[in-house]
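Working notes, structure below.
Side chains are part of it too, since the values below use all heavy atoms of this structure and drop only hydrogens, waters and symmetry mates. Chain identifiers are assigned alphabetically (A, B, ...) following the order of the sequence lines, protein sequences preceding nucleic acid strands; residue numbering begins at 1 within each chain.
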Protein chains: 2
Amino acid sequence: MNLSPKIENFVLHCGEMGSRWGFNRTIGQMVALLVIHEQPLTANEIAESLKISRGNVSMGIKELQSWQLVKVTHIPGDRKEYYAPNGSIWDLANRVFEERRKREIDPTLSLLRDQILEGSESPEEEYAQNQIQTIHDLLETITKWSAELQRLSPEQLQTLMKLGSSVSKVIDLKDKLLKKS
Amino acid sequence: MNLSPKIENFVLHCGEMGSRWGFNRTIGQMVALLVIHEQPLTANEIAESLKISRGNVSMGIKELQSWQLVKVTHIPGDRKEYYAPNGSIWDLANRVFEERRKREIDPTLSLLRDQILEGSESPEEEYAQNQIQTIHDLLETITKWSAELQRLSPEQLQTLMKLGSSVSKVIDLKDKLLKKS
DNA sequence: CTAAAGTTTCAGTAATTATTGAAACTTTAA
DNA sequence: TTAAAGTTTCAATAATTACTGAAACTTTAG
């Protein structure tokens, strides 16, 4: 299994980007490879294509499963496991987004909630307490908004995103709507 | 300069989260410290509070400036530099968001654009080409949407975010609006 | 059963990234 | 000027993270 120059380019690039996307190089390459190939691949094919060890592939698959980005399939009469992306490009992007929210926002939100409950001990901490509240509110808004987006169908999301420069118009519209009702 | 337990907690937490937010521990701690303190701090105070070397602070400040997250101020009659967050919590979050978009999306968008221009060499690459196109379109939509959000005023953004569960209603609304006009 | 095919684990090591601290550089008050 | 105060740089090193490969484990066909 060796890759055409174009596909190799793509895969290597995703490897480099991997760490910025929240995983590591190997895993970035693995997603790219799976996404670009119509047929599911075996762990050995992945190892061979990317020139990495079998053990590394195994760990990568495990990690990708924790992100819900791959699914395992089987071919009748063949006991090997075949791996494929778990859903459309859109689905994958959505899961990465959601998973990152969990890792990057939730823990902080939880700490700040506790700190707010504690209250400020000294008047000197007053400013700090205020800032903490502000950050908390911001993170909570982002969390709610993101949950909202998750609830929309891909089509609705497309619509929303494509709104483009008319977003502000829609906001105005919403204001008017509220006044009427 | 030593920190109250609550503030220390907050600062340490932000340090741990730092790498998930796109920088490293030291820098996470530095932002936290600056945000939580009403008065601007000197590099030495930062080094002392966080128990890190002076050089590390200098590199951190540099990095934070590249993210546009800190500003330098001066106190008359004192030649030291004093550092403070560059804007409100909201402004900072916005800049981090934007900067990350640049680092995590733009390079890939640019590669994919090139690869689409090249076209597919073999019919075997047809599927790959298609996937690349899909990813490209997704990233482009995200980029445009994000530029749109940047253009909104904080107040408009607040409104939009607070729309919450009525987002889908707004989408429906927009559909109706389009049909009428 | 059992042996072959396949998969996972993990200790050891490699690669990467972050940090220190001393030297070099810059600025300014006198 | 110049020396004191302040800042930056960067080579050396520490800390962290990723990867390998051999051994252990699991599954299944015969």
- Item | Spacing of B:Glu81 atom CD relative to D:dA5 atom P, expressed in whole Å | 17 Å

- Query: Which residue lies toward the 5' end of DNA chain C, A:Thr42 or B:Val57, if each is placed at its nearest nucleotide?
  - Reply: A:Thr42

- Query: Would a 4.5 Å heavy-atom cut-off, applied to side chains only, mark A:Ser49 and A:Ile46 as touching?
  - Reply: no

- From C:dT20, C:dT16, C:dG6, pick the nucleotide closest to the side chain of B:Ile52? C:dT20

- Taking only side-chain nitrogens and oxygens of A:Lys62, does any of them come within less than 4.0 Å of OP1 or OP2 of C:dT9? yes

- Message: At 4.0 Å (heavy atoms only), tell me whether A:Asn24 reaches a base, stays on the sugar-phosphate, or touches nothing.
- Response: sugar-phosphate

- Query: Quick check: are there more than 12 heavy atoms from other residues, nucleotides or ligands sitting under 6.0 Å from CD of A:Gln133?
  - Reply: yes

- Item | Closest nucleotide among D:dT20, D:dT28, C:dT16 to the A:Arg79 side chain | D:dT28

- Query: B:Arg54 near the nucleic acid: base, sugar-phosphate alone, or nothing, with a heavy-atom cut-off under 4.0 Å?
  - Reply: base

- Note on the structure: Between NE2 of B:His74 and P of D:dA5 the distance, given in whole Å, is 18 Å

- Which nucleotide, D:dT8, C:dT19, C:dT8, lies nearest any side-chain atom of B:Ser58? D:dT8

- Note on the structure: Taken to the nearest whole Å, NZ/B:Lys80 to P/C:dT27 is 18 Å

- Taken to the nearest whole Å, CD/A:Glu63 to C1'/C:dT8 is 15 Å

- Count the heavy atoms belonging to other residues, nucleotides or ligands that lie under 6.0 Å from CZ of B:Phe97, then report whether that count exceeds 12. no

- Item | A:Phe23 CZ to D:dT17 P, straight-line distance once rounded to whole Å | 17 Å

- Message: I'd like to know if B:Arg100 and B:Glu104 make a salt bridge, using a cut-off of under 4.0 Å between side-chain N and carboxylate O.
- Response: yes

- Task: Could you check whether B:Thr26 gets within reach of a base, just the sugar-phosphate, or nothing at all, counting any heavy atom under 4.0 Å?
- Result: sugar-phosphate

- Item | Spacing of A:Tyr82 atom OH relative to C:dA5 atom C1', expressed in whole Å | 13 Å

- Message: On DNA chain C, compare the nucleotides closest to A:Asn44 and A:Asn56; which residue's is nearer the 5' end?
- Response: A:Asn44

- Task: Mark yes when over 12 heavy atoms from residues, nucleotides or ligands other than A:Asn2 sit less than 6.0 Å from its CG; otherwise mark no.
- Result: no

- When rounded to whole Å, the CG to P distance for the pair B:Asp78 and D:dA4 reads 19 Å

- Round to the nearest Å and state the distance from A:Ile61 atom CD1 to D:dC19 atom P. 14 Å

